[in-house]
Visitor: 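If you scroll down you'll find the structure; I have some questions about it.
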Amino acid sequence: MTTTTKYIFVTGGVTSSLGKGIIAASLAKLLQAQGYRVTIQKLDPYINVDPGTLNPYEHGECYVTEDGAETDLDLGHYERFLNVPTSQANNVTTGRIYQSVIDKERRGEFLGKTVQVVPHITDEIKERVQILGNSGDYDIVITEIGGTVGDIESLPYIEAVRQLRWDLGDNNGIVIHLTLVPYLSAAGELKTKPTQHSVKTLMESGVQADILVCRTEHDLPSDLRRKLALFCNVREEAVIQSIDASTIYDVPNLMLEEGLDKVVLQKLNLKSSKPDIARWNQFLKRHKNPISEINIGLVGKYVELQDSYKSILEAFIHAGAENEVKVNIESIHSEYLNSDNVKLKLSHLDGILVAPGFGERGIEGKIDAVKYVRENNVPFFGICLGMQMAVIEFARNVLGIQDADSTEMNPETKNPVIDLMEDQKSITDKGGTMRLGAWDCDLKMGSIVRDIYKAESIKERHRHRYEFNGTYKSQMEAAGMVASGLNPDTGLVEIIELPTHPWFVGVQYHPEYKSTVANPHPLFVAFVKAAFNYKKKHRGVSMAQNK
Ligand code: GLN
């Protein structure tokens with residue numbers, strides 16, 4: 001087989017949560033900074049067709065791409081690091097693989113053959129891996145295999161990697177294996193045995209790791225690197241340490257110091273040069289040396305798990321660096337918020353973001369939070385469900401429509417200010433049936449958002465079923481809530497704002513998905529700035545502690 005695209009497979013051993021996604025994104029960043037066109041793909045071994053139907057407590061947030069794919073949150077890291085959009089092809093699950101093979105079987109495409117894991121499932125995996133490479137858009141495709149080597153469900157993926165390496169030939173496909181080197185404090189020692197076993201497990205499937213990336217809390221001394229190299233059958237310079245970092249944005253520099261990009265390029269027979277990461281480092285410098293700090297309340301119902309709002313938290317890091325302020329996020333559980341305690345829980349904050357979400361739980365607390373910030377001129381940012389709550393609050397407390405509600409929470413309401421779109425009403429399937437992906441939005445002349453975006457028209461990513469009910473638009477506008485962003489084709493309201501409030505913006509879409517290190521999202525940048533202004537006005541400015 002001749003190939004122009006090179007493939008890097010990233011596998012993980014010993015345990016989950018070692019940060020494969022961040023290592024893949026950091027390596028991709030270093031390769032991109034040497035002029036290579038790189039993309040990253042995630043293969044997930046679970047049977048859900050996509051993570052769209054998963055509760056955020058299971059796998060963290062569901063990330064949405066421009067083309068409307070509901071994907072693993074690691075794709076968010078890829079986009080934030082690389083500033084290149086991903087697509088449906090960048091995330092494949094076992095469910096999707098099987099669905100596709102079974103569909104082919106039903107169409108009779110296997111010509112009477114017995115359909116089996118090997119070769120049919122493995123062939124489908126191989127095909128999916130090569131879709132991005134065959135597009136001609138990339139020099140290097142990094143494929144991250146989810147899960148841990150040795151898991152039953154990972155086996156077909158590892159077999160596909162083995163075959164692909166054989167098909168692609170020498171220097172065209174390499175395997176990076178991420179493992180853990182634990183520190184036993186009682187013995188005062190770093191232990192290599194789990195790594196040795198993990199490499200051995202991989203070899204039982206016929207795959208020899210080319211490079212080891214060892215997650216560790218302490219520096220790996222050279223004798224230990226030599227030992228790992230000898231017992232795991234890799235070259236010494238291919239033993240890379242991945243030491244715990246204070247921020248994920250440090251990892252590209254740590255990998256550069258370890259020479260991961262160099263060994264990778266050498267093994268792929270590609271030229272290496274000094275990566276140009278000056279812009280990245282400018283961001284890091286601002287991120288680590290803020291001139292002040294602000295406190296933002298994140299009102300949501302999945303606050304126990306940080307990963308549920310991953311892209312929002314990262315967007316605040318980008319926007320904070322842009323404003324040179326440290327953004328401290330205080331998670332506020334909307335279920336425990338009510339009109340009696342809202343002042344106590346929110347009055348020390350410089351801005352409030354009401355988060356996206358689904359279902360009834362905790363929504364009255366969100367409405368109380370919106371009322372508080374609207375009446376007290378605290379900067380407010382509502383995202384998706386957060387925007388819908390702002391509309392309900394305004395209808396109830398300003399227009400006096402007591403029973404204003406969303407039909408998601410109260411299907412019987414006489415005043416559905418938030419309602420299902422007509423074409424959603426007949427849909428019963430839950431997976432992949434929302435309004436998804438990038439939609440156009442025209443910004444109203446003279447609006448806050450037009451000034452922030454500095455554009456007449458934008459494109460933002462959606463993931464929801466319910467909408468602002470247009471029949472209430474003129475009533476709302478007459479009372480001061482402006483629909484400042486509209487979809488040009490459907491007239492759907494995408495943005496609401498209160499021009500008389502210092503900063504009150506609600507968006508039906510998810511701006512957080514598009515924020516990257518290179519392009520912090522303008523709405524987050526403006527919200528952080530407004531919160532900083534609020535703090536200066538009401539509390540004076542304290543200098544942040546430089547780290
Ligand atoms: N549950 C709401 C809807 O489906 C909002 C979704 C969201 O916040 N992503 O419209």
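Below, each value reflects all heavy atoms present in this structure, side chains not excepted, and no hydrogens, waters or symmetry copies. All ligand and atom numbering here is 1-based and tracks the order in the structure.
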Visitor: Less than 4.5 Å apart, any side-chain heavy atom of N487 and any of T490?
Guide: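 Yes; the side chains approach each other to less than 4.5 Å.
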Visitor: Taking only heavy atoms of Y466, which atoms of ligand 1 are found under 4.0 Å from at least one of them?
Guide: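 What qualifies from ligand 1 is 3 (C), 4 (O), 10 (O).
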Visitor: I'd like the name of whichever of Q388, M387, R465 reaches closest to atom 4 (O) of ligand 1 through any heavy atom.
Guide: R465
Visitor: Could an N or O of ligand 1 be found under 3.5 Å from any N or O of C384, whether backbone or side chain?
Guide: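 There is no such contact.
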Visitor: Among all protein non-hydrogen atoms, which one is nearest to atom 5 (C) of ligand 1, and what is the separation to 0.1 Å?
Guide: G357 O, 3.3 Å
Visitor: Between K310 and E79, is the closest basic N to carboxylate O distance under 4.0 Å?
Guide: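 Salt bridge absent between E79 and K310.
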Visitor: With heavy atoms of R463 as the reference, note each atom of ligand 1 found under 4.0 Å away.
Guide: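 Close to R463: 6 (C), 7 (C), 9 (N).
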Visitor: Could you tell me whether D350 and R539 make a salt bridge, using a distance below 4.0 angstrom between a side-chain N and a carboxylate O?
Guide: yes
Visitor: Any N or O of I383 that comes nearer than 3.5 Å to an N or O of ligand 1?
Guide: no
Visitor: Answer with yes or no whether H510 contacts ligand 1, where contact means a heavy atom under 4.0 Å from a ligand atom.
Guide: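 Flag set, H510 near ligand 1.
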Visitor: With atoms numbered from 1 as shown, which atoms in ligand 1 lie under 4.0 angstrom from a non-hydrogen atom of E408?
Guide: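 Checking each atom against E408, I get 1 (N), 2 (C), 3 (C).
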Visitor: Would you please classify the geometry between the W439 ring and the H462 ring as parallel, tilted or perpendicular, with 30° and 60° separating the classes?
Guide: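 Judged by the thresholds at 30° and 60°, the geometry between H462 and W439 is tilted.
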Visitor: Are Y63 and N91 close enough that a side-chain donor and a side-chain acceptor fall under 3.5 Å?
Guide: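 N91 and Y63 do not have a side-chain donor-acceptor pair below 3.5 Å.
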Visitor: Is a salt bridge present between R396 and E364, judged by a nitrogen-to-oxygen distance below 4.0 Å?
Guide: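 Yes.
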